[in-house]
Chemist: 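Submitted below is the structure of interest, expressed as structure tokens.
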Amino acid sequence: MLSLFSRIQSIIISTLFLAALVANIFVFQSSFFGAILLAIYLLLFGAHLGKALAPKDSGALSSWLGIFILLSVILLFGSAAYYVANLTAPVAYTIALLSVPISLWFHKKAKTHWFDQKHNFLKEKLHAIPNSVYLSATIILFCSFFILSTLFASGTTEAIRSVWEDIPVAVFVAAFIALLCLFTLLYRGKEKRLTLILTSIILFTILSVALFVFPIGYGFDSFIHEATETYIAEHGTITPKPFYYIGQYSLVLFFHHVFLIPIELADKLLVPVLTALLLPIAFFSAASHLLSRKRAASAALMLIFFIPLSSFIVTTPQGLANLWTILIILAAIPFMLNLERPRIEP
């Protein structure tokens, strides 16, 4: 009875989502509402796919996998449409409309999953959160807001030798304080949901330096890719066809056609936002499978900030490919460990 009610509930929610999506595309045409629908789309139907792949995993850890697979499928089908014919708005609408019932079907019918043991790495004993944790989180949020606002105020349209020339020293001090507080929370190994959110916030803050300091754009490649995406959005294709880059173009044009996100905004935010959202939880999931102690898995998140992040500060096909490669490796950890054996003792 509960299973039937759950399926009916999912169908109703999905129908309401599709109705809102169609209304926004043809009636409201609001980019802001489209961004909200995009977030709902990824979280809701990504969660369905994640549960199909890893039904015994905790919600957040399976959801990132579902979102990753969902975006990958969109990328592949968009690329295929581009190769065969054109990547037009109706093609993007079709991919979006079909992805909803297909994700529901996978969630209902999936009998296999990536690993058999039950995972609930985010679960922890109920405990009173110390005031020091709230204070650290507040400091991190304040420092991130200060950094982002300062970067925005430091934006320049002039040609400068380095992105760091016009940034006040206070930004580096704030970043140091924020990272110190975050590393303390990660080493503590508790409040994992909170620390994952804070990690994503700080990671985006770091990756967005070029985005805010150079409001027109950073580097030469971005202008070419954005111009190509705009042309494909208007004509469905371009000659000669850039086979190496269509993966990025497919995602940007999907977000533009279906959710009315401006191409310029989607192009600039694609890699930095996806990196900030997916990399921390993917890294934590992989570390949780590798390490037997939850605290060690949480502390391992510090290593993200020692990864060369330069390819993720701006959206390029190479940067997107680098991110996808890392996420594929992290997602494959359960396979490579052969049902989680052996586990590394810290």
Side-chain angles (χ1 to χ4, degrees), residues 35-36 39-40 42-44 46-47 50-51 54 56-68 118-149 171 173-208 269 272-307 309 312 323 326-327 330-331 333 346:
I36 296 176
I40 295 174
L42 293 177
L43 291 174
L44 181 60
K51 279 299 180 184
K56 295 186 179 181
D57 212 337
S58 57
L61 295 184
S62 64
S63 294
W64 89 263
L65 184 61
I67 293 172
F68 175 56
K118 184 175 182 179
H119 306 287
N120 206 356
F121 298 124
L122 294 177
K123 184 178 181 180
E124 51 195 353
K125 295 180 180 178
L126 293 176
H127 64 282
I129 301 178
N131 292 330
S132 58
V133 173
Y134 288 118
L135 178 61
S136 297
T138 302
I139 292 174
I140 291 172
L141 293 176
F142 175 79
C143 289
S144 298
F145 176 78
F146 171 78
I147 293 171
L148 291 175
S149 59
V171 168
V173 176
F176 174 79
I177 294 173
L179 287 172
L180 182 62
C181 292
L182 177 65
F183 287 178
T184 301
L185 294 178
L186 292 175
Y187 182 77
R188 170 181 164 82
K190 297 183 179 181
E191 297 87 32
K192 287 180 283 294
R193 291 181 178 87
L194 175 62
T195 53
L196 279 170
I197 294 173
L198 294 175
T199 301
S200 291
I201 291 174
I202 294 183
L203 185 58
F204 175 76
T205 302
I206 293 174
L207 295 175
S208 63
L269 292 178
V273 169
L274 288 181
T275 302
L277 292 179
L278 297 181
L279 186 57
I281 192 167
F283 198 92
F284 175 78
S285 176
S288 298
H289 288 90
L290 283 168
L291 304 171
S292 59
R293 294 175 57 189
K294 295 181 180 179
R295 179 179 176 181
S298 178
L301 276 173
M302 301 180 196
L303 297 176
I304 287 180
F305 297 94
F306 295 94
I307 297 175
L309 299 172
F312 306 129
L323 175 62
I326 293 175
L327 293 178
L330 294 175
I333 291 295

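The model shown is predicted, which means the values in this text are computed figures rather than measured ones. Values below: every heavy atom of this structure, side chains too, minus hydrogens, waters and symmetry copies. Each residue takes its place number in the sequence, starting with 1.
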Chemist: Distance from Met302 atom CE to Leu179 atom CG, nearest 0.5 Å?
Modeler: 10.5 Å
Chemist: Under 3.5 Å, which donor-acceptor pairs do the side chains of residues 199-206 form with other protein atoms, sequence neighbours left out?
Modeler:
from, atom 1, to, atom 2, distance (Å)
Thr199, OG1, Thr195, O, 2.6
Ser200, OG, Leu196, O, 3.3
Ser200, OG, Ala276, O, 2.8
Thr205, OG1, Ile201, O, 2.8

Chemist: Testing the basics here: between Phe283 and Leu303, what is the closest heavy-atom pair and its distance to 0.1 Å?
Modeler: CZ-CB, 3.9 Å
Chemist: Hey, could you give me the OG/CG distance between Ser298 and Leu185, rounded to the nearest 0.5 Å?
Modeler: 8.5 Å
Chemist: When you measure from the side chain of Thr138 to the backbone N and O of Tyr134, does any donor-acceptor pair fall under 3.5 Å?
Modeler: yes
Chemist: Is the shortest heavy-atom distance from the side chain of Thr275 to the side chain of Ile326 under 4.5 Å?
Modeler: no
Chemist: Output the distance between atom CD1 (Ile67) and atom CG (Leu277), rounded to the nearest 0.5 Å.
Modeler: 8.0 Å
Chemist: Measure the spacing between CZ of Phe284 and CG of Leu330 and express it to the nearest 0.5 Å.
Modeler: 13.0 Å
Chemist: Counting C-beta onward and ignoring hydrogens, is there a side-chain heavy-atom pair between Arg188 and Pro130 closer than 4.5 Å?
Modeler: yes
Chemist: Can you give me the closest heavy-atom contact between Leu291 and Ala300, atom names plus distance?
Modeler: CD1-CB, 4.4 Å
Chemist: Using 0.5 Å steps for rounding, measure from the CG atom of Leu327 to the CG atom of Leu65.
Modeler: 10.0 Å
Chemist: Can you give each donor-acceptor pair under 3.5 Å made by side-chain atoms of residues 139-149, sequence neighbours left out, with the distance rounded to 0.1 Å?
Modeler:
from, atom 1, to, atom 2, distance (Å)
Ser144, OG, Ile140, O, 2.9
Ser149, OG, Phe145, O, 2.9
Ser149, OG, Phe146, O, 3.0

Chemist: Could you give the distance from CG (Leu194) to OG (Ser136), rounded to the nearest 0.5 Å?
Modeler: 9.5 Å
